[in-house]
Each structure stands twice: as C-alpha cells, then as structure tokens.
Amino acid sequence: MEFLNPGALFGLLALPLLLIPYLIRRKPQRLAFSSLLLFIEAGESASAKPWGRIQLPPLFFLQLLLLALLIFALSEPVLSIQPTNIAIVMDNSASMQALEDGKTRFSLAQERANALAGELGAGGKVDLYLTTPTLEKVHAVPLSPSEATAIIGKQSPYDLGEAPIDYDHVLSQLARQHKYQRVYLLTDRPARGQSAAARVITVGQRQANFALTAFDVQRSSLVNARLEASVEVANYSERDEKIKILLKGNGAELAHREIVVGSGKTAAVSFDGIADHSSYQAEIANRDALPVDNRRFAVAPVSRNLRILGITPRPRELESLKAIPGVQIDIIAPPDYDKAERGGYGLEIYHFATSAALPSTAALFILPPESSSLVDLGAPVNNVTVSNWRDPHVLTRYVNFNLFRPAYARPLKPQTAGDIVIDSAAGPLAFASERQGVRYLTVGFDPFPYLGRENLPMSVFTLNLLDWFFDSRSGKSQATGEAIFLGKVQDGDQILLPGGKSLAITPGAGFFGGAFYQGIYQLHRGNERQLFARNLLDRGESDLRAPVAVAIGGGSPNGDSASVLFSFWPYLLIASLALLLLEWFLSPRMAFVKPERAPPRLAQRS
C-alpha cells in the first residue's frame, strides 16, 4: 500500500486532542443536603488526586476510530503492484532551464527519471516522451532501464513555451492505450491531485526572475539612416529592482542603461544612433533564476534601400517612385511575373494586378482586378470621403484626411483577420494584414503617380506605406518555433544554427522548422548570407512565481489499484462530528466514582 497524499498522515499527531473534552471539568453547582457526612471520604480522595483517573466511555473509542479512518482517507491509500511497464513524460520547455542550487530544473528531472527507470529491474520497460513543442515519444520501441537512462541523459530543454496540454486527459489516455502501469510527468509545475496510474513529480520552487520581453532594432524612417533600438524588461519579483541592460552589436558592447522596474511591472529603454552591425543582442546584466530570457536578438535591415518589384500594366505611374530617396524599383508586366527572378526584393507592388497565391514577400495590392483571399471588392464610387481612420498607425501619421479624397475607389470587403486602416461610408479603403511575419496591404484607390508637394496628402500616405513595409524588414524577431522561410533552395545551401552547428538544406524544402533555440540563424546561399532572429516570446515561461498547477483527477485506467477510502471521507467526517456533538451536548457526563465501603464509624453512628 502507498499514499497519494502522504502529507495528510501528519493529522494522526492531532488525535490526542480528542482527550481534551474529557479532561475539562464541569463547573461546580451548589446543592443543598441535610448532611455532608457521606461526602467526607470522597472529598478527601478527590483533593488527594486533582485529576483523578480518566474514565473514557466507549463512544470515545468509536470517535477515535472514525477520525483515524478519516485521516487515512485524506491520505488516499492505494493498493498497487510494483510497476514494470511505465512511461516517463519530461517537461522540456524553457522554464526547465531555471536554476535550483546550481542545477537546472531539467537536470533534476533527469535524475528523478533515472531513479524511476532504475527501480524497474532488468525486465522493466520504459517509454520516454517530451512535451515541447508537442507531446511526442522520443523513440520507436520500448526501452530497457539502462537504455532509457542513456537516452534521458541526452535530452535538453528547448527555448520554447510549453504547449497547452490537458494532462489529466492525456496521461490517462496514454496509460489506457499503451497499457502503462504508471505514467510519470516530471515538470516544474505544482500538482493538484494524483491518481493511481498518473503521477506528477514536481521539481523546483517559486523564484523571482527578470526577463527581456521585447527588443527591436530599426531605422527611424526610409529616408533616415539612423538606427534605433528599443528594449522592454519585466520584473517578476516582489520588490522594485534596478536592472542594467547591455546593448551589443556582433558580440561587442555598444551601450548600456540602468532602469528601475517596479514589482510585477515592465519598463522600456531606448538606444539612439547606434552603429551598423549585422546582428544585435540585448542582455540583462543582473543574475537571476532563468538565464535564457535575459537575452534577446535582433537583425538590422540588410540594406538602407527598399528594393521594389512592380507588377503593373501602367509602368509610368510606378516609375514616379524613383524620385523618393532610398527606393529602387524594377517594373514588369503581369504576364512576365512567373518568368521573373523575384529574389532580393523587399516589396512587391501589384498595380491593377494580382497573384494566384499570396507571395512570400511583403506585398501592396492596388485596385486588384479580382477578389483574393484577403478581400472582396465592392462597387466603384467617385470622390469618396474618408470617414474614419486608425490612429495611431504608421500609415495614417501626418495625413490630412480632410483633403484626402481619391477620385475613384472600390470599397473593400475583408475576408481574413487584419486591420481596417482607412474607412469610408461606402466601406474600407485600406486593409492591412500579416501572415507568418509577412505584411500585406490592400488599397481600394490608386495612390500613384507620386506627385510630391503637388498632392501632399496622398504623397504623405505613400511615404508612410513605404516606411511601413520598410519597417517590416527591420530587426524585429519572431518567436522560437516559428518556421524560417527559405525561398528557392539550391544544392549546397546551408543553415547555421545559433550554437554553431551547420545543417544542409534539402532541395525543395520551403521552410526550416527546427528553430527551437533563440539566437541568430544564418542562411548561406552561395556567396549570400541572410540572417534571422528567433527569441523566446512566452512570458508565462519567465514568471516563476506562481506557475499554473497540473490538475490530475482520481481513478485508475488500468484497474490495477484503487483508492479504498477517499470516496467515503465526507461521510466519515459527518459521522464523527455528529457523534461528538451527541456526546457533548446530549449525553450527560457521568462521574465514574469507584464505590467504597462506608467507614466503620459512620456505620456505628447509624
């Protein structure tokens, strides 16, 4: 027999308190008697022994038994056999990298997992699972304890947030489908409840922590070459802290700032006019429990110019963009799109044109001739007036919408999630959306040709949209786990991981899905190099103060063990309290006095 809640057994230490009601003497009452001679000897005996001999009625022992059974029920005793076929589920999310007395939580979980495998004996079988990025078995066939120990030692946590898993359902389902006698979950989250088949083993304690929650490097605008960096830091502790932030470029320190962050709050700091580097890193200098979220990475714009590919049957209108500093544009006719080499462009403009599928490059759709997966088109309207616009937004800054009146427009009907940036009484005029980090903008009017001061409201809007697309190519990073778009893969292409390992890319692969660690990923294609930043963006992994508990229900999927008393504890509690009240209030307290012979001298007097 074992106990799922052994802490309840400490309640046995409180059983002697049941004697207190029997040690409390009742308050004396004044009674009139004709003679006190019969009480003389009894009074002398009572004064000689103040407490006397404790006389316990049979009801006391019944109460003692019921309370003992109640405590045993709360400890959830189960009758079980020694398991020989188990599954070990290891939490390998980012928070398992937190330090506990110099060891990571994951290394503590590995030690516990090795101990579980060692208890099975030579004939035992073990299946090993990891929770992140999805719950998945590490190996194909069951392992012996020695094989399991070897594989457990090779595992490591990812820089990923834990996937949302209903452990109560999933662990029970694993035990039922694979006939596991036990399924052990090793995690840093506390457990709320256990069952005979599913057990949660918690490693780690509540700790204070700091974290970088945002880091961007960008140019202030298309025509301004100065670089700006912004950093956001969070304080997951119970007191205000002074935090030092370092800014590095290609590994060399560029600047540092100190900022006071309130308990449970975030604060931001910026760095202006930083030097050009291919990659940047922000870092917290303070030591805390989780080092992985003290760093963030960003990639600067690869060029100060915005290369545009224009697809239009009216090339003269797009030619006007060459008058804008920092803009390079190549123009092709729509029929030539499939034949053109489209690599290296930061923006594609579809001017009275559309594409069969959404491009992998940021795209501007201007009066597309037919509906797309982004929008449907409404009926044409003339001299449309803007009724509403999103503010603040890069696309609407400095635009005087009282003078912003397109001569011809087709209202949009959005077909996907996004932002309506400019609206009119007839319908939206500008709709922005983003998919897998790629920005798309559809406008129901023609902002070209670019006329500069001759049409100032429309020219300001044009510069804004170019800045908006240019900003999307800045150093903003994406979350770890998000795929890296590779484009057209050729023989010899390789991707360099943050740890320095180089992987060959299989021709035909459009994405790299193994970005499980934060840092800078480098795509090498011939003599070209493209950088991608990936960061831990899950704030729940950084807050180590009160992780969400894993709730496990009772019951045994395999039927090899069962709780014998837990379901009856409410009735035992009610019965114990009822008997106690009955004895205390209704049953009169009897004085158990040992009968004695009358004194001879009293007999003579009688």
Side-chain angles (χ1 to χ4, degrees), residues 89-97 106 128-140 151 154-165 170 215 278-279 281 292-293 295-299 302 342-344 346 357-363 373 416-417 433-440 472-526 528-541:
V89 182
M90 298 189 67
D91 181 356
N92 62 322
S93 60
S95 61
M96 293 294 284
Q97 301 179 44
F106 194 79
L128 179 64
Y129 294 82
L130 297 178
T131 64
T132 306
T134 59
L135 183 65
E136 188 175 4
K137 187 189 290 188
V138 176
H139 51 89
I151 292 181
K154 296 179 181 179
Q155 306 308 311
S156 61
Y158 289 144
D159 300 342
L160 293 171
E162 184 179 2
I165 300 175
V170 169
F215 177 43
S278 59
S279 64
Q281 176 180 344
V292 67
D293 60 7
R295 300 184 301 274
R296 275 184 179 261
F297 300 84
V299 176
V302 295
R342 302 190 296 272
L358 285 178
S360 57
T361 304
S373 61
T416 185
S433 60
E434 186 169 335
R435 293 187 180 180
Q436 295 183 344
V438 180
R439 289 180 176 178
Y440 302 101
S472 69
R473 302 172 62 249
S474 67
K476 292 182 178 179
S477 65
Q478 292 180 271
T480 50
E482 292 192 30
I484 296 176
F485 178 72
L486 302 176
K488 187 177 180 180
V489 178
Q490 303 175 354
D491 290 334
D493 290 355
Q494 293 184 331
I495 188 164
L496 185 64
L497 305 183
K501 183 179 180 180
S502 181
L503 299 177
I505 304 174
T506 304
F511 296 89
F512 173 71
F516 297 152
Y517 298 97
Q518 70 173 3
I520 302 297
Y521 291 78
Q522 303 181 34
L523 175 61
H524 293 268
R525 176 171 291 145
E528 297 182 359
R529 186 183 68 157
Q530 189 174 0
L531 304 183
F532 304 88
R534 292 292 184 270
N535 289 303
L536 172 65
L537 301 184
D538 192 329
R539 299 193 181 195
E541 295 293 306

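All values below were derived from every heavy atom in this structure, side-chain atoms included, with hydrogens, water molecules and symmetry-related copies excluded.
Scanning for salt bridge (Lys or Arg N to Asp or Glu O under 4.0 Å) contacts around R539 gives E232, with sequence neighbours left out.
The minimum heavy-atom distance between I520 and A298, with the atom names listed, is CD1-O, 4.1 Å. Taking every heavy atom of both residues into account, F106 and Q155 meet most closely at CE2-O, 3.4 Å. Taking all atoms of both residues into account, the shortest heavy-atom contact from G161 to S93 is C-CB, 4.2 Å. Shown here for P133 and A163, the closest heavy-atom pair between the two residues is O-CB, 3.3 Å. Across F512 and L497, no two heavy atoms sit closer than the pair CZ-CD2, 3.8 Å. Closest heavy-atom contact between G481 and F516: CA-CD2, 4.2 Å.
D91 places a side-chain heavy atom less than 4.5 Å from the side chain of E162. Here the side chains of S373 and R435 are in contact, with some heavy-atom distance below 4.5 Å. A 4.5 Å side-chain heavy-atom check between V170 and L135 finds at least one atom pair inside the cut-off. K137 places none of its side-chain heavy atoms less than 4.5 Å from the side chain of L128. Side-chain contact between R529 and L531 is present, with at least one heavy-atom pair separated by less than 4.5 Å. A 4.5 Å side-chain heavy-atom check between I495 and I484 finds at least one atom pair inside the cut-off.
Panel note: side chain N92, backbone Y158; no donor-acceptor pair is recorded below 3.5 Å. At distances below 3.5 Å, not a single donor-acceptor pair connects side-chain atoms of E528 with backbone N or O atoms of H524. With hydrogens and angles ignored, the 3.5 Å screen pairs no side-chain donor or acceptor of E434 with any backbone N or O of R439. Counting only distance, with no hydrogens or angles, the side chain of D159 and the backbone of A94 share no donor-acceptor pair below 3.5 Å. With hydrogens and angles ignored, the 3.5 Å screen pairs a side-chain donor or acceptor of R534 with a backbone N or O of A483. The backbone N or O of L537 sits nowhere less than 3.5 Å from a side-chain atom of N535 that would complete a donor-acceptor pair. Using modelled atom types, no side-chain atom of D293 and backbone atom of E541 make a donor-acceptor pair closer than 3.5 Å. The closest donor-acceptor contact from the side chain of Q518 to the backbone of V292 lies under 3.5 Å.
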CA sep, side-chain torsions, deciding dist, call: R296, Q281, side-chain contact (heavy atoms from CB on, under 4.5 Å):
CA-CA 6 Å; R296 275 184 179 261; Q281 176 180 344; over 6 Å; no

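The aromatic ring centroids of F215 and F297 lie 6.0 Å or more from each other. Taking the six-membered ring wherever Trp is involved, the centroid distance between the rings of F532 and Y521 does not fall below 6.0 Å.
One finds the CG atom of L130 at 9.0 Å from the OG atom of S156 (value rounded to the nearest 0.5 Å). Between Y440 atom OH and S433 atom OG the span is 8.0 Å, to the nearest 0.5 Å. Here Q530 contributes atom CD and L523 contributes atom CG; the two are 6.0 Å apart, rounded to the nearest 0.5 Å. Atom-to-atom distance recorded for L160:CG and S95:OG is 11.5 Å, nearest 0.5 angstrom. Distance check: I151 CD1 to H139 NE2 gives 5.5 Å after rounding to the nearest 0.5 Å.
Among residue pairs with one or both ends in residues 492-513, those qualifying as salt bridge (Lys or Arg N to Asp or Glu O under 4.0 Å) are D493-R525; sequence neighbours excluded.
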